[in-house]
4 protein chains.
Amino acid sequence: MFEIDPRSATPIYEQIIKKMKELCIKGVLKPGDKLPSVREMSSMIIANPNTVSKAYKELEREGLIETLRGRGTFVSKMVQKKLDEEKIEMIKEELRQIMIDAFYAGISFEQIYQWMKDMNNEFANAFHK
Amino acid sequence: MFEIDPRSATPIYEQIIKKMKELCIKGVLKPGDKLPSVREMSSMIIANPNTVSKAYKELEREGLIETLRGRGTFVSKMVQKKLDEEKIEMIKEELRQIMIDAFYAGISFEQIYQWMKDMNNEFANAFHK
Amino acid sequence: MFEIDPRSATPIYEQIIKKMKELCIKGVLKPGDKLPSVREMSSMIIANPNTVSKAYKELEREGLIETLRGRGTFVSKMVQKKLDEEKIEMIKEELRQIMIDAFYAGISFEQIYQWMKDMNNEFANAFHK
Amino acid sequence: MFEIDPRSATPIYEQIIKKMKELCIKGVLKPGDKLPSVREMSSMIIANPNTVSKAYKELEREGLIETLRGRGTFVSKMVQKKLDEEKIEMIKEELRQIMIDAFYAGISFEQIYQWMKDMNNEFANAFHK
DNA sequence: GTGGTCTAGACCACC
DNA sequence: GTGGTCTAGACCACT
């Protein structure tokens with residue numbers, strides 16, 4: 001359920017954030033669900049507690065999770081999708097980069113579109129809710 | 001033509017690589033074209049020759065450019081689109097990440113698809129060769 | 001244990017790579033072993049950290065070692081001997097060159113074969129695993 | 001007959017030297033044969049005359065070819081195989097390196113030995129003359 | 001502590 | 001002229 005690759009170039013704390021977001025969007029983690037504590041999580045994925053803490057703090061800053069003192073950390077009930085112009089530009093730029101990489105890897109436009117549709121389905125049609 | 005942002009979080013050498021790939025894919029740089037020498041480029045974008053060199057070497061490793069000893073660096077004549085399974089998985093993973101980020105940024109599926117189509121048109125020559 | 005010749009024509013970073021491969025193949029370095037940090041190694045062999053870093057990165061690219069962010073560099077657990085057709089051709093070409101050089105140096109075929117056998121014994125564990 | 005790769009990492013002048021030695025050892029070039037002039041050769045392989053000249057000079061220094069003023073350059077009649085201790089050590093070191101590379105490429109000892117025998121045959125049994 | 005990136009400047013071999 | 005290698009030292013993010 002929660003796989004982290006310490007060999008990856010992407011920082012561990014970032015991998016945690018991404019995984020968390022994915023689990024939420026897929027509906028595996030639902031609003032109100034309790035998350036493992038920092039200590040539990042760090043021993044689960046064999047990482048430094050500081051690293052897990054950093055990820056949790058960032059997720060809280062983004063509003064995906066909430067920490068209730070003495071009770072634990074929970075998935076937020078309402079996730080507000082904020083239209084951050086800067087963030088949107090970043091995503092667009094990343095998409096452009098993927099298109100370029102895909103070209104050099106010999107992947108067709110149609111293939112990418114197919115993947116996109118598959119992912120949307122996998123994400124419980126998050127985009128159409 | 002060649003803009004680099006030294007303040008960006010993405011390393012300069014990576015920015016060069018991306019820019020180069022984009023110029024090749026758009027047809028601004030054609031097979032056989034001579035690239036600016038390491039020294040020229042470094043003074044153009046105000047960066048260290050080593051940084052430019054690093055970018056050039058990576059581009060050569062990927063097969064996009066070739067260096068002829070003592071003569072300079074040139075855009076490769078044959079860019080073989082090799083179907084590297086590992087690379088494809090990586091791209092797919094990146095696409096998945098973008099879809100997730102897009103959702104949280106409140107970007108619609110249709111919007112992303114529109115962007116993709118626009119980019120595809122922009123790179124039209126290359127993609128439909 | 002780790003001798004480098006700064007006067008040699010072969011670059012220092014390449015000497016490090018070769019030495020490392022030899023130590024791995026001889027079993028002196030075992031899978032999972034921690035390598036000296038870039039700084040340690042650079043002071044050990046009296047070279048610049050950048051030079052050591054370059055060697056480590058190449059070894060990682062080849063899959064012999066792995067770097068765990070913030071923790072250090074380690075000998076890979078699974079070194080997959082991938083049958084890269086291009087690499088094999090390169091080795092064959094190098095062997096051809098050696099045979100030619102050996103002829104002009106007055107070395108007999110039998111002598112070369114003897115050397116090969118000796119080396120094979122030296123690397124025995126690795127070769128017959 | 002005479003192929004040079006300007007993209008290769010090995011210098012062009014060295015490629016010429018190696019090719020020449022190979023042609024001699026194979027018996028394609030026989031003692032007394034006339035070589036193309038520097039100018040001819042340079043236009044043949046599309047290289048700078050200086051580069052060809054450098055190769056010829058080195059080959060002459062090694063005793064493989066001889067220049068007769070006003071007549072041209074010829075393959076030497078007697079090639080003395082000199083037993084240079086330093087050279088021999090170098091070759092042995094190169095052989096060791098190949099054995100290591102071969103291991104990581106998944107090539108067996110037997111395969112290498114077979115290649116060696118094939119090459120010896122190809123070289124008109126130079127080693128057994 | 002670790003490796004990743006970068007600058008400033010140097011020397012070398014090759015063409 | 002070109003790129004390849006190297007040093008000395010710096011800053012940064014990650015663990």
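Within every chain, numbering begins at 1; the chains are lettered A, B, ... in the order of the sequence lines, protein sequences first and strands thereafter. Below, each value reflects all heavy atoms present in this structure, side chains not excepted, and no hydrogens, waters or symmetry copies.
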With sequence neighbours left out, the residues meeting side-chain contact (heavy atoms from CB on, under 4.5 Å) with C/S42 are C/P49, C/V52
Only counting residues at least two apart or in another chain, list the ones meeting side-chain hydrogen bond (donor to acceptor under 3.5 Å, both in side chains) with A/T67.
A/E60
Outermost nucleotides of DNA chain F that come under 4.0 Å of a non-hydrogen atom of chain C:
F/dT5 to F/dT15
How many angstroms lie between atom OG1 of C/T73 and atom CG of C/L64, to the nearest 0.5 angstrom?
13.0 Å
Under 3.5 Å, which donor-acceptor pairs link side chains of residues 92-102 of chain C to any protein atom two or more places apart or in another chain?
from  : atom 1 : to     : atom 2 : distance (Å)
C/R96 : NE     : D/E22  : OE2    : 3.0
C/R96 : NH2    : D/E122 : OE1    : 2.6
C/R96 : NH2    : D/E122 : OE2    : 2.4

Using heavy atoms and a sub-4.0 Å distance, could you list which residues of residues 47-65 of chain B are near DNA chain F? By number, please.
B/N50, B/S53, B/K57
Rounded distance [0.5 Å steps], CZ in A/F103 versus CD1 in B/I25:
5.0 Å
For B/K19, enumerate each residue passing the side-chain hydrogen bond (donor to acceptor under 3.5 Å, both in side chains) test, keeping only those at least two apart in sequence or located in another chain.
none
Taking a pair as Watson-Crick (N1 to N3 plus N6-O4 or O6-N4) or G-U wobble (N1-O2 and O6-N3), both under 3.5 Å, which stems of 3 or more consecutive pairs involve DNA chain E?
E:1-14 with F:1-14
With D/E62 via side-chain hydrogen bond (donor to acceptor under 3.5 Å, both in side chains) - residues at least two apart:
D/K21
Exercise answer: donor-acceptor pairs, residues 2-11 of chain A side-chain atoms, under 3.5 Å, sequence neighbours excluded:
from : atom 1 : to    : atom 2 : distance (Å)
A/D5 : OD1    : A/R7  : N      : 2.9
A/D5 : OD1    : A/R7  : NH1    : 3.0
A/R7 : NE     : C/E66 : OE1    : 2.9
A/R7 : NE     : C/E66 : OE2    : 3.3
A/S8 : OG     : A/T10 : N      : 3.0
A/S8 : OG     : A/T10 : OG1    : 3.0

Taking side-chain hydrogen bond (donor to acceptor under 3.5 Å, both in side chains) as the definition, give me every residue that meets it alongside C/E58, ordered by chain and number, with sequence neighbours left out.
C/R61
Determine whether more than 12 heavy atoms belonging to other residues, nucleotides or ligands lie under 6.0 Å from atom NZ of D/K57.
no
Mapping C/R69 and B/T67 onto DNA chain F by nearest heavy atom, which one lands closer to the 5' end?
B/T67
I'd like to know whether CD1 of D/I46 has more than 12 heavy-atom contacts from other residues, nucleotides or ligands below 6.0 angstrom.
no
Euclidean distance, D/L29 CG relative to D/L35 CG, rounded to 0.5 Å:
6.0 Å
Sequence neighbours excluded, the answer for side-chain contact (heavy atoms from CB on, under 4.5 Å) partners of C/T51 is C/I12, C/Y13, C/N48
Contact nearer the 5' end of DNA chain E, comparing C/P36 with B/P6
C/P36
Which of residues 9-22 of chain B sit near DNA chain F, with a heavy atom under 4.0 Å from it?
none
